[in-house]
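Below is one structure; the comments refer to it alone.
A, B, ... follow the sequence lines: proteins, then strands. Residue 1 opens every chain.
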Amino acid sequence: MQFHRDTYCGTLRAEHEGNEVVVAGWVQSYRDHGGCVFIDLRDRTGIVQLRFDPSVAEGAHSVADRLRHEDVVIVKGAVVSRGDNTNDRLPTGAIEISALELQVLSKAKTPPFLIEDDIDTAELVRLKYRYLDLRRGPLQEALLARAKITGVVRRTLEEEGFLDLETPILLKSTPEGARDFLVPSRIHPGEFYALPQSPQILKQIFMISGFDRYYQIARCFRDEDLRADRQPEFTQVDVEMSFVEPDDVMDIIESVLTNVFKEVANKDITTPFPRMTYADAVGTYGLDRPDLRFGMPLTDVTDWAANCDFKVFASAVERGGIVKALRAEGGGVSTSRTEIDRIVKDHCAWGARGIAWIRKNEDGSLQSPIVKFFSETEIAELQEAVGLQNGDLVFFVADQTSVVHNTLGNLRNTLGRRLNLIDDDEFNFVWVTEFPMFEWDEDEQRHNAMHHPFTAPLSEDASLLGETPAKVRALAYDVVLNGTEIGGGSIRIHDSELQARVFELLGISKEEAEARFGFFMEALRYGTPPHGGIALGLDRLVMLLTGKPSIRDVIAFPKTQRGTCLMTESPGPVGSEQLEELHIDVVPDDN
RNA sequence: GGGGUGGUAGUUAAGAUGGUUAUAACGCCGGCCUGUCACGCCGGAGGCCGCGGGUUCGAGUCCCGUCCACCCCGCCA
């Protein structure tokens, strides 16, 4: 390079008039007037206009003439006022650089899409040319926000005395929870490392080792199917502390989040966050991650339904299920019959065999596929129970408890959005506490750990472990933001006897527990402090803070829904020598 | 594994009922233009209509299969 860049494009203002500067960056656009050539030059700080005037610098002008989108140039020139030609849409619009010298550092191929904030290019194309997509403002801002967030997280935790400690990526498979990614061992034929689903056991061992306060911004891996908010590798802010109760962990996380939202988004969030038990969250809002930016609680009409004339309702109750109602205030006015049918069809995906509904028109008349099954009295009782007003729309699900809650909980979120009950600028946090220790796995006919198998029970529930494990509540807590779970943690079991019992309840035999977690069980026996912690999903946090619809928008190089990277074309085949060395035979898929 | 949406120039889209040479905008190329900033004007190039099969005199369009991307269920904290 002939010159040395000394100024970022986006930083120039009227006060810099008269300065001689050297700027470098990408050609955003070019406007050739035959005489003067105008170039918008972009770097990560913004855009500045360059003017190439043949009467000022003939050589530079004749080269500028041939500049095209995304060419990389370095330019020396004088900052001059634009006079009457100010561009109010650019922060640098009061000035321009009258170019004296220009060096083209790199010509660019015509990009497949323009580098602009608003494009509607298919994600397929954008992912293939991720390096170009990442030049665009929205992605630059998202990654900038991400970097700021991790900075604030580190600073806050360091100030609180947490140590950033690393844990291995090549680990042992502990087949519990998600499917592991495996790494074959060359030295040990037929044996495999597993990539961590989270550093759970290792951070607990740090507590046993006396480090007292640990954190790590840790990459985690889970080989499961993807969603808009799920990638095969993702990042957790992983935290663990000794000699603590849930409140201590919550306090720390509240400070972290408060600082993050203040410093990155200039949002003041109120602490302490409200708390709600799992039972209340699910009972009232259907989901264990309630979006509390709007009301619309569920109404339990099981008792009424048990004795009603509508067989679908009555028999659901008879089989041990429940019936709940979700009333959308004024929803009947704005929702057409076709839209209702559509909503019903879409939400049956959560397992409900059907979703009944009643619309009460403005004139008080009822419209519904089910009212004909009820007596006058029943209808009156029902309206009373759900508080049905003119213009309302109410939905019902009658099924097993979990199906009813899941379906109506998701329906509630849909209606909240449809009816514009949600303020997009609000950040609503809530702690959900007292999760059940176990959930029943119908397929495998055994209990599973709802959080993970190292979670301690609520002390007053510990005595129930023997008889009714389903009733045992855990010292587990989730932090929920706007209806998305952004983190979860618990107080851990620090007693090897209790840990062994929990494994037993989970259907893991002594031998199995020994084989999988023997080292950990042994470690617990050497003096373990009571401890607990939490992990925040960094990707989701950044996604919510930046208002992006997908975590792909806050991850530099994300994978597609089928786990491929369109830019690098991973995963890919490897040579037979490589496989041989790893003692691996590839068995082709059937068909 | 299942349900849904989409795939036509580089990009985004249009292309009723099957029918002449597949349109447009932006981008690209050439020319003109000294105050543009969505610059403007004139001209031009650019297509395995995702892929494979089938029906038909004839398929971008209809049928079957398949691949890819996205959203969702299952799965996954």
Let's test your reading of the model: under 3.5 Å, does the base of U36(B) pair with the side chain of Arg82(A) as donor and acceptor? yes
Side-chain atoms of Phe38(A) come closest, of C26(B), A77(B), U36(B), to U36(B)
Check the phosphate of C37(B) against Ser29(A), side-chain N and O only, distance under 4.0 Å to OP1 or OP2. Yes or no? no
Looking at Arg135(A) and Glu70(A), is there a salt bridge between them, counting it only when a charged N and a carboxylate O are closer than 4.0 Å? yes
Regarding Phe113(A), tell me which of base, sugar-phosphate or nothing describes its non-hydrogen contacts under 4.0 Å with the strands shown. nothing
Heavy atoms under 4.0 Å, any strand shown: does Arg31(A) hit a base, just sugar-phosphate, or nothing? base
Between Phe503(A) and Phe517(A), does the ring centre distance come in under 6.0 Å? yes
Arg13(A), CZ atom: more than 12 neighbouring heavy atoms under 6.0 Å: yes
Any pair counted as side-chain hydrogen bond (donor to acceptor under 3.5 Å, both in side chains), so long as it reaches residues 111-124 of chain A, sequence neighbours left out: Glu123(A)-Arg552(A)
Where do Val554(A) and Arg146(A) come nearest, in terms of heavy atoms and distance? O-NH1, 2.8 Å
With syn meaning chi within 90° of zero and anything else anti, the base of A16(B) is syn
Output the rounded distance in Å from CG (Asn87(A)) to C1' (U36(B)). 10 Å
Taking the C1' atom of each, how far is A9(B) from G44(B), in whole Å? 15 Å
Tell me what Asp32(A) touches on the nucleic acid: a base, only sugar-phosphate, or nothing, going by heavy atoms under 4.0 Å. base
Touch check for Ser198(A), heavy atoms < 4.0 angstrom, all strands: base, sugar-phosphate only, or nothing? nothing
Taking atom C1' in both C39(B) and C26(B), compute the distance separating them and give it to the nearest angstrom. 15 Å
Counting the atoms with a prime plus P, OP1 and OP2 as sugar-phosphate, which does His69(A) contact under 4.0 Å by heavy atoms, base, sugar-phosphate, or nothing? sugar-phosphate
Any base atoms under 4.0 Å from Arg552(A), or only sugar-phosphate, or nothing? Heavy atoms, all strands. sugar-phosphate
For Asp223(A), which contact category applies under a 4.0 Å heavy-atom criterion: base, sugar-phosphate, or nothing? nothing
Within the structure, does a side-chain N or O atom of Tyr30(A) lie under 4.0 Å from either OP1 or OP2 of G27(B)? no
Can you tell me if Gln49(A) touches the phosphate of U36(B), counting only side-chain N or O atoms and a distance under 4.0 Å to OP1 or OP2? no
Of Met450(A) and Gly351(A), the one whose closest RNA chain B nucleotide lies more 5': Gly351(A)
For C29(B), take OP1 and OP2 only and decide whether either is under 4.0 Å from a side-chain N or O of Arg68(A). yes
Mapping Asp288(A) and Pro112(A) onto RNA chain B by nearest heavy atom, which one lands closer to the 5' end? Pro112(A)
Is the shortest side-chain N/O distance from His347(A) to OP1 or OP2 of C72(B) below 4.0 Å? no
Rounded to the nearest angstrom, tell me the gap between atom CZ in Arg66(A) and atom C1' in C28(B). 18 Å
Asp238(A) CG to Gln200(A) CD distance, which is reported to the nearest 0.5 Å: 7.0 Å
Side chain of Glu439(A) only, please: which of A77(B), U34(B), C75(B) is the nearest? A77(B)
Phe52(A) and His61(A): aromatic ring centres closer than 6.0 Å? no
Ile39(A) CD1 - C39(B) P separation (whole Å): 12 Å
Quick check for you: among A77(B), C75(B), U11(B), whose closest atom lies nearest to any side-chain atom of Thr121(A)? U11(B)
Give Arg562(A) one of three labels, base, sugar-phosphate or nothing, depending on what nucleic acid heavy atoms sit under 4.0 Å from its own. sugar-phosphate
To the nearest Å, how far apart are Glu123(A) CD and U12(B) C1'? 16 Å
Residues in contact with RNA chain B, drawn from residues 88-99 of chain A - heavy-atom cutoff 4.0 Å: Arg89(A), Glu96(A)
Considering only the C1' atoms, how many Å lie between U55(B) and A14(B), rounded to the nearest integer? 27 Å
Restricting to non-hydrogen atoms, name the atom on Arg179(A) and the atom on Glu224(A) that form the minimum distance, rounded to 0.1 Å. N-OE2, 2.8 Å
In whole angstrom, what separates Leu132(A)'s CG from U11(B)'s C1'? 13 Å
Classify the nucleic acid contact of Asp225(A) as base, sugar-phosphate or nothing, counting any heavy atom under 4.0 Å across all strands shown. base
Does Thr110(A) have a side-chain nitrogen or oxygen under 4.0 Å from the phosphate oxygens OP1 or OP2 of U11(B)? no
Before you tell me yes or no, could you show the steps for Tyr477(A) and Phe435(A) under ring pair (Phe, Tyr, Trp, His ring centres under 6.0 Å), namely the whole-Å CA-CA distance, both residues' side-chain angles and the distance that decides it to 0.1 Å? CA-CA 7 Å; Tyr477(A) 32 81; Phe435(A) 278 77; 9.1 Å; no
Apply side-chain contact (heavy atoms from CB on, under 4.5 Å) to Val104(A) and list each qualifying residue two or more places apart in sequence or on a separate chain. Val63(A), Leu67(A), Val73(A), Lys107(A)
Donor/acceptor link under 3.5 angstrom from Arg230(A) side chain onto base of C75(B): yes
